[in-house]
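Have a look at the structure below, then the notes.
For clarity, every value in this text was computed on a predicted model and none was experimentally measured. First the proteins, then the strands, lettered A, B, ... as listed; each starts at 1.
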Number of protein chains: 2
Amino acid sequence: MQKQETLTKNQKIILDLIEKSDQPLKAYSILFDVKKKGINAPLQVYRALNKLVKIGKIHKIESRNAFIACKNSKCQIAKATVFSICESCEDVTEIHDHTLSEHLRDFKDNKGMKYNKYNLEFFGLCKKCI
Amino acid sequence: MQKQETLTKNQKIILDLIEKSDQPLKAYSILFDVKKKGINAPLQVYRALNKLVKIGKIHKIESRNAFIACKNSKCQIAKATVFSICESCEDVTEIHDHTLSEHLRDFKDNKGMKYNKYNLEFFGLCKKCI
DNA sequence: TAACGCTGTGTAATAATATAACATATTTAA
DNA sequence: TTAAATATGTTATATTATTACACAGCGTTA
Ligand SMILES: [Zn+2]
Ligand SMILES: [Zn+2]
Ligand SMILES: [Zn+2]
Ligand SMILES: [Zn+2]
C-alpha cells in the first residue's frame, strides 16, 4: 500500500483538504478551495482524486458525486466500502461492521462472477433528523 | 404501488425503451432514441426517469449514471438494490439473494440511524471476461 | 360551476460533473 | 542512461443534470 510520503504536491494538498473535512467534498468545491494553492483546473483535481481513491486514502460517495477521507488508517480498505447517508442533512459516515463485511466479502452469486470490490450505501435519517 | 397503466405517455415511452434493453441506458442515449417519438429535451427524459425510479420500475446504477429496468415484477423492490457490474464489459445484473437481502435489511449501525433504503454494487469480472 | 392542489408537459437556458488532447517535466527501474 | 511510467499545466470540450417559466389536465371540494 502506498504511503502518504510518496504522494505528490497536488495529491497532498487535496488529501489534506479532504481529511480536514468530516463530510464529503465535491470536486468543484475542492477546486475552489485549492485555487489559492496554485491548482487551477478541474483536471488537476480529478487526477489527484482518482489517485487518492485508487490508493484508498479517500472514497467516492457514488450517489452524491463527492469524496470523503478514509478514516480506517490501519487496513486501507479501498475496495470494500459501506456508508450511511442521511437524506435530510446529507451527513455521511463510513461504516466498519465486521459481520456485515464478512457477509459481503463471502458473497457469491450464481453467475460465476469474480468480485474484487463492492460499494454499499445505506440511506435514511440520522438521529438528529428523525 | 403504482401500476404501469397509470404511467403517462412520456413515462411509457421511456420505460419501454429501458425494458427492451437488458443493459443500463444513459439519459442522453435515451434522449437520442426517443427524439423520433417527440421527446426533445433532457428534462423530459430526467422527469420520466425520476418517476420510474421512484415507483421502482427502473433503478439507477449510481457508479455508472445509467438506468436499468427492474425485472423483479412481483415485489417491486425499489429501495433495496444489489447489482453486479463487470468492470471489463460493463455488463450489469441485478441480484436477488435472499440471505444477503436479510443481512442488509436487518443491519443496524451503532448511531441510531433509521434506514429506509440501500444500494449495493459489486464490481469484478464476469465469466466471459475472466 | 368554479376554485384549488397536484402532477405532468414543453421549451430555453444554464449548472454541475468529468474527460480528451497535447506538450512537457519528473521519477522509477532496467 | 536510456526507456517507461507517472505527474503536471493548460485549453477546450463532453457528459450529466437542474432551474425557471408558462401552461395543460385531472380530481377534489367549496
Ligand atoms: Zn475507508
Ligand atoms: Zn441528518
Ligand atoms: Zn429491481
Ligand atoms: Zn464482462
Selection: residues 40-48 of chain B, any non-hydrogen atom under 4.0 Å of DNA chain D
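Close to the strand are B/Leu43, B/Tyr46.
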
For D/dT6 and A/Thr8 - does any side-chain N or O of the residue sit under 4.0 Å from the phosphate oxygens OP1/OP2?
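For D/dT6, OP1/OP2 do not have a side-chain N/O of A/Thr8 under 4.0 Å.
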
State whether B/Lys26 places a side-chain N or O below 4.0 Å from either non-bridging phosphate oxygen (OP1 or OP2) of D/dA14.
no

Separation of [N] [atom2] from [X] [atom1] (nearest whole Å):
X	N	atom1	atom2	result
A/Arg64	C/dA16	CZ	C1'	15 Å
B/Leu49	D/dT15	CG	C1'	15 Å
B/Asn10	D/dG25	CG	C1'	14 Å
A/Asn50	D/dT8	CG	P	12 Å
A/Ile30	C/dA18	CD1	P	10 Å
B/Leu31	D/dT18	CG	P	15 Å
A/Lys51	D/dA7	NZ	C1'	9 Å
B/Lys9	D/dC26	NZ	C1'	18 Å

ring-ring contact (aromatic ring centres under 6.0 Å, His included) against A/Phe107, all qualifying residues, sequence neighbours excluded
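Partners of A/Phe107 under the ring-ring contact (aromatic ring centres under 6.0 Å, His included) test: B/Phe122.
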
Which is more 5' along DNA chain D, the nucleotide nearest A/Asn65 or the one nearest A/Ile39? Just name the residue.
A/Ile39

Exercise: identify the closest heavy-atom pair between A/Lys9 and A/Lys37:
NZ-O, 4.5 Å

Give me the atom names and distance for the closest heavy-atom approach of A/Leu52 to A/Gln11.
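So the minimum-distance heavy-atom pair works out to CD1-O, 3.8 Å.
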
As a quick check of understanding, evaluate side chain to side chain donor-acceptor pair (under 3.5 Å) for B/Gln23 and B/Asp91, giving each step before the final call.
CA-CA 7 Å; B/Gln23 286 300 300; B/Asp91 182 271; 3.2 Å; yes

Is there ring stacking between B/Tyr28 and D/dT16, where the centres must be under 5.5 angstrom apart and the planes under 30 degrees?
yes

Within the 4.5 Å heavy-atom criterion, are B/Ile61 and B/Phe83 side-chain neighbours or not?
yes

Check for me, please, whether B/Tyr28 and B/Val34 land in the same ILVMFWY cluster - side-chain distances under 4.5 Å, paths through other members count.
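Yes, because B/Tyr28 and B/Val34 connect within a single hydrophobic cluster, where side-chain heavy atoms sit under 4.5 Å apart.
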
Classify the side-chain pair A/Glu62/B/Ser63 by whether it contains a donor and acceptor separated by less than 3.5 Å.
no

